[in-house]
K.L.:
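The structure's right below; bear with me while I get my questions together.
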Amino acid sequence: MGVVLPGQPIFLPRGPVAQLGPGLYSRDAQVRAALVGIPRSDASTLTISRRRPRPPAPNSVVLGSITRLSPLQAMLSITVVDGVPLPAGEEFTGVIRTQDVRATEKDRIKIADCFRGGDVVRGLVISLGDARSYFVTTARNDLGVIFATSEVGATMEPVSWQEMRCPKTGKIEKRKCAKPENL
């Protein structure tokens with residue numbers, strides 16, 4: 001089992017009944033996580049150790065939302081680093097430059113055709129930027145916009161690697177879409 005969130009049910013391994021250790025609780029005959037972390041079974045005790053958030057480093061996969069756009073770059077508020085959510089108010093700032101959006105046709109990229117304010121983006125930290133930000137790339141198939149809302153407020157669906165469609169209106173908007181993980 002991967003990372004679990006507080007309140008998420010935990011399915012116990014087969015065999016002898018394990019005791020609940022730190023990071024777990026039982027409610028309505030269902031074992032649940034009390035912390036963000038990975039469940040571990042040590043002998044007869046099931047525990048979840050707290051995963052400590054750490055600042056982004058080169059090659060860290062990050063999630064964040066687009067906060068500002070300019071013709072040359074998009075600003076990203078980083079809220080998750082390597083699958084670990086950051087505490088509220090401790091976000092980092094990322095910068096996606098035009099040359100870091102796609103691996104091909106770098107000179108023809110328009111930031112406004114790839115991202116919009118509020119889009120949730122999966123990216124890869126390529127280096128430390130200036131004193132306040134990290135340079136982030138979306139130049140792989142699995143990186144890019146993973147969640148977007150349309151002008152009418154509906155959750156958009158990806159239809160290609162560069163387009164998303166509003167399910168309510170059918171209108172298509174340009175985005176640099178991330179390939180879904182399960183495909």
Side-chain angles (χ1 to χ4, degrees), residues 2-6 8 36 51-183:
V3 175
V4 293
L5 300 175
Q8 187 172 343
V36 174
R51 289 186 67 186
R52 299 268 183 233
R54 55 187 181 86
N59 293 321
S60 291
V61 175
V62 296
L63 292 178
S65 57
I66 300 293
T67 55
R68 262 184 307 166
L69 296 173
S70 75
L72 299 177
Q73 62 189 23
M75 302 300 286
L76 182 71
S77 175
I78 298 171
T79 54
V80 178
V81 178
D82 290 327
V84 180
L86 298 171
E90 293 187 24
E91 296 88 11
F92 294 97
T93 301
V95 177
I96 305 171
R97 303 172 297 183
T98 53
Q99 64 263 34
D100 297 326
V101 173
R102 282 199 305 258
T104 59
E105 299 179 337
K106 294 180 180 189
D107 55 333
R108 297 178 58 208
I109 292 172
K110 291 186 174 83
I111 288 287
D113 288 343
C114 299
F115 308 106
R116 300 269 169 91
D119 287 356
V120 177
V121 174
R122 180 187 305 122
L124 183 74
V125 174
I126 50 178
S127 69
L128 302 174
D130 58 18
R132 297 180 305 268
S133 63
Y134 295 86
F135 287 132
V136 176
T137 183
T138 58
R140 285 191 339 213
N141 289 343
D142 63 326
L143 304 175
V145 176
I146 58 172
F147 178 83
T149 53
S150 67
E151 293 174 357
V152 295
T155 300
M156 299 185 73
E157 305 163 337
V159 292
S160 74
W161 63 274
Q162 59 183 359
E163 292 178 332
M164 293 184 110
R165 178 179 50 226
C166 174
K168 286 187 178 176
T169 64
K171 184 179 176 190
I172 291 182
E173 296 181 17
K174 289 185 174 258
R175 296 288 203 286
K176 195 296 184 182
C177 300
K179 181 179 178 184
E181 289 179 1
N182 55 358
L183 294 179

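Along the sequence shown, residues are numbered consecutively beginning with 1.
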K.L.:
Should Asp142 and Val61 count as side-chain neighbours, where that means a heavy-atom distance under 4.5 Å?
P.N.:
no
K.L.:
Does any N or O in the side chain of Ser127 come within less than 3.5 Å of the main-chain N or O of Phe135, such that one atom is a donor and the other an acceptor?
P.N.:
no
K.L.:
Please determine whether side chain to side chain contact (heavy atoms under 4.5 Å, CB included) holds for the pair Leu69 and Phe115, giving the CA-CA distance in whole Å, both sets of side-chain angles, and the decisive distance to 0.1 Å.
P.N.:
CA-CA 8 Å; Leu69 296 173; Phe115 308 106; 4.1 Å; yes
K.L.:
Got a second to check how far Ile172's CD1 is from Met156's CE, nearest 0.5 Å?
P.N.:
8.5 Å
K.L.:
Output yes when a side-chain donor or acceptor of Thr138 lies under 3.5 Å from a complementary backbone atom of Gly123, and no otherwise.
P.N.:
no
K.L.:
Could you pull out the closest heavy-atom pair between Pro71 and Thr98, with the gap in Å?
P.N.:
O-CG2, 3.6 Å
K.L.:
Identify the two heavy atoms, one from Pro56 and one from Tyr134, that lie closest to each other, and give their separation to 0.1 Å.
P.N.:
O-CE2, 3.4 Å
K.L.:
Can you see which heavy atom on Ile126 is nearest to which on Arg97, and at what distance?
P.N.:
CD1-NH2, 3.9 Å
K.L.:
Can you tell me how far apart OG1 (Thr155) and NZ (Lys168) are? Round to the nearest 0.5 Å.
P.N.:
9.0 Å
K.L.:
Taking everything shown except Arg165 itself, do over 12 heavy atoms lie less than 6.0 Å from its CZ?
P.N.:
no
K.L.:
Measure the spacing between CE of Met164 and CD of Glu157 and express it to the nearest 0.5 Å.
P.N.:
8.5 Å
K.L.:
Does Asn141 have more than 12 heavy atoms from other residues, nucleotides or ligands lying within 6.0 Å of its CG?
P.N.:
no
K.L.:
Assess whether a salt bridge exists between Asp119 and Arg116, defined as any Lys/Arg side-chain N lying under 4.0 Å from an Asp/Glu carboxylate O.
P.N.:
no
K.L.:
Checking side chain to side chain contact (heavy atoms under 4.5 Å, CB included) between Arg54 and each of Leu86, Asp82, Val84, which is the one that passes?
P.N.:
Asp82
K.L.:
Between Cys114 and Ile109, what is the shortest heavy-atom contact and its length?
P.N.:
SG-CG2, 3.9 Å
K.L.:
Return the minimal non-hydrogen interatomic distance between Ser65 and Gly118, and the atom names on each side.
P.N.:
CB-O, 4.4 Å
K.L.:
How long is the span from the CG atom in Asp113 to the CD atom in Glu173, to the nearest 0.5 Å?
P.N.:
11.0 Å
K.L.:
In sequence, state the C-alpha distance, the side-chain angles, and the governing distance for Ser150 and Thr169, and then conclude on side chain to side chain contact (heavy atoms under 4.5 Å, CB included).
P.N.:
CA-CA 9 Å; Ser150 67; Thr169 64; 5.7 Å; no
K.L.:
So, for Ala148 and Val145, which heavy atoms are closest and what is the spacing to 0.1 Å?
P.N.:
CB-CG1, 4.0 Å
K.L.:
Check the pair Val101 / Ile96 against side chain to side chain contact (heavy atoms under 4.5 Å, CB included), numbers first and verdict last.
P.N.:
CA-CA 7 Å; Val101 173; Ile96 305 171; 3.9 Å; yes
K.L.:
So does Leu5 get a backbone contact from the side chain of Gln8, meaning a donor-acceptor N/O pair under 3.5 Å?
P.N.:
yes
K.L.:
Let me confirm one number: the CG-OG distance from Leu128 to Ser133, rounded to the nearest 0.5 Å.
P.N.:
9.0 Å
K.L.:
Less than 4.5 Å apart, any side-chain heavy atom of Lys171 and any of Glu151?
P.N.:
yes
K.L.:
Quick one: are Leu76 and Ile66 in side-chain contact, heavy atoms under 4.5 Å?
P.N.:
yes
K.L.:
When you compare the side chain of Thr67 with that of Glu91, does any pair of heavy atoms fall below 4.5 Å?
P.N.:
no
K.L.:
Just how far is it from atom OG of Ser77 to atom CZ of Arg68, taken to the nearest 0.5 Å?
P.N.:
11.0 Å
K.L.:
May I ask you to test the Val95-Met75 pair for a side-chain heavy-atom distance under 4.5 Å?
P.N.:
yes
K.L.:
Can you tell me if Lys176 uses its side chain to pair, donor with acceptor, with the backbone of Leu143 under 3.5 Å?
P.N.:
yes
K.L.:
Are Asn59 and Leu124 close enough that some pair of their side-chain heavy atoms sits under 4.5 Å apart?
P.N.:
yes
